[in-house]
Amino acid sequence: MGRGKIPIKRIENQTTRQVTFSKRRAGLLKKTHELSVLCDAQIGLIIFSSTGKMCQYCSEPYRMEQIIERYQKITGNRIPEHDNREQLYNELTVLRKETRRLQLSMRRYTGEDMSSIPFEELDQLEQELERSVNKVRERKNELLQQQLDNLRRKERILEEENSNMYRWIQEHRAAIEYQQVGIEAKPVEHQQVLDQFPFYGEPSSVLQLATIPQQFHSYQLQLAQPNLEDSNV
């Protein structure tokens with residue numbers, strides 16, 4: 001069963017249209033190349049897709065510019081070359097005038113060259129400067145208020161931290177004082193023990209041992225007698 005003939009009209013579906021364009025473009029380039037090689041023909045082919053993408057083919061060893069130039073010589077149709085120098089000169093003149101006008105306007109705002117300004121323009125200039133100064137002051141006051149709010153917020157944070165620290169110290173004051181008393185009492189007791197001995201470290205002779213104060217009483221060891229009743233049991 002043969003394939004049905006496709007009607008030659010614009011394909012409405014964009015995806016189908018793009019696929020068809022790609023396939024037929026490849027076929028057209030292939031046929032163009034075959035015609036150029038088999039018949040020794042000079043062919044220049046330019047294709048623009050619906051999206052603006054360009055595709056071209058030119059018979060070797062020529063370039064597309066040579067093919068177009070030959071076409072123009074034979075047909076007598078010359079592509080007009082647009083001279084943009086006059087347009088650029090006009091645009092440059094307009095830009096210079098605008099720059100000059102802005103420079104004169106800036107000199108007025110800085111208080112320079114005021115002699116040629118009429119009274120009405122001076123009054124208008126004064127009003128514009130006053131509005132500008134008011135806007136600057138409003139923005140300045142807004143920034144100062146923001147800085148003041150930030151400082152107040154930091155102050156509240158520091159006060160809360162200080163209150164929490166004070167509360168913690170009050171809750172643990174008894175334990176802290178007890179630890180401090182214990183640390184201060186230990187060196188005193190140790191020094192009192194050392195003061196009872198006339199020497200520091202180990203005694204160097206028997207005479208030093210004899211000078212130990214009498215409050216250290218001697219202890220005698222006695223052998224314990226066994227309990228015979230317990231042994232009979």
For [X], which residues count as a side-chain contact (heavy atoms from CB on, under 4.5 Å) partner, sequence neighbours excluded?
X: Thr75; value: Tyr71, Asn77
X: Leu122; value: Met114, Ile117
X: Leu45; value: Leu28, Leu29, Thr32, Ile47, Tyr57
X: Arg100; value: Gln103, Leu104

With a 4.0 Å cut-off, would you call [X] and [Y] a salt bridge?
X: Glu160; Y: Arg156; answer: no
X: Arg101; Y: Glu98; answer: yes
X: Arg139; Y: Glu142; answer: yes

Which residues satisfy the side chain to side chain donor-acceptor pair (under 3.5 Å) test with [X], sequence neighbours excluded?
X: Gln145; answer: Asp149
X: Arg167; answer: Asn164
X: Tyr166; answer: Gln170
X: Glu12; answer: Arg10

Query raised in the report: Is the backbone N or O of Gly44 less than 3.5 Å from a side-chain atom of Ser59, with the two atoms forming a donor-acceptor pair by type?
Result: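 Pair absent, no side-chain N/O of Ser59 close to backbone of Gly44.
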Can you tell if the side chain of [X] reaches within under 4.5 Å of the side chain of [Y], non-hydrogen atoms only?
X: Ile169; Y: Met165; answer: yes
X: Gln146; Y: Leu143; answer: yes
X: Lys97; Y: Val94; answer: no
X: Met64; Y: Ile68; answer: yes

Query raised in the report: Hey, mind stepping through Val133 and Arg137 against side chain to side chain contact (heavy atoms under 4.5 Å, CB included) and telling me if it holds?
Result: CA-CA 6 Å; Val133 171; Arg137 287 176 179 173; 3.5 Å; yes
**Report entry** Contact list for residues 42-51, test side chain to side chain donor-acceptor pair (under 3.5 Å), sequence neighbours left out
**Finding:**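 Of all non-adjacent pairs touching residues 42-51, those that pass side chain to side chain donor-acceptor pair (under 3.5 Å) are Gln42-Tyr62, Gln42-Arg70, Ser49-Thr51.
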Query - side chain to side chain donor-acceptor pair (under 3.5 Å) contacts in which one or both residues fall within residues 15-25, not counting sequence neighbours - result: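 Non-adjacent pairs meeting side chain to side chain donor-acceptor pair (under 3.5 Å): Asn13-Thr16.
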Can you tell me how far [atom2] of [Y] sits from [atom1] of [X], rounded to the nearest 0.5 angstrom?
X: Glu60; Y: Ser36; atom1: CD; atom2: OG; answer: 8.0 Å
X: Glu128; Y: Glu121; atom1: CD; atom2: CD; answer: 10.0 Å
X: Glu126; Y: Gln124; atom1: CD; atom2: CD; answer: 11.5 Å
X: Asn90; Y: Gln87; atom1: CG; atom2: CD; answer: 8.0 Å

Query raised in the report: By the rule that ILVMFWY residues connect when side-chain heavy atoms come within less than 4.5 angstrom, directly or transitively, which residues belong alongside Leu148?
Result: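 The other cluster members (ILVMFWY side chains, heavy atoms under 4.5 Å, direct or chained): none.
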Query raised in the report: Other hydrophobic cluster members with Leu35, side-chain heavy atoms of Ile/Leu/Val/Met/Phe/Trp/Tyr under 4.5 Å, chained?
Result: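 In the cluster with Leu35 are Ile43.
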Query raised in the report: Do Arg131 and Asn134 have side-chain N/O donor and acceptor atoms under 3.5 Å apart?
Result: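 Checked: Arg131/Asn134 side chains show no N/O donor-acceptor pair below 3.5 Å.
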Query raised in the report: Should we say atom CD of Glu65 is surrounded by more than 12 heavy atoms from elsewhere, each under 6.0 Å from it?
Result: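 Check passes, neighbour count above 12.
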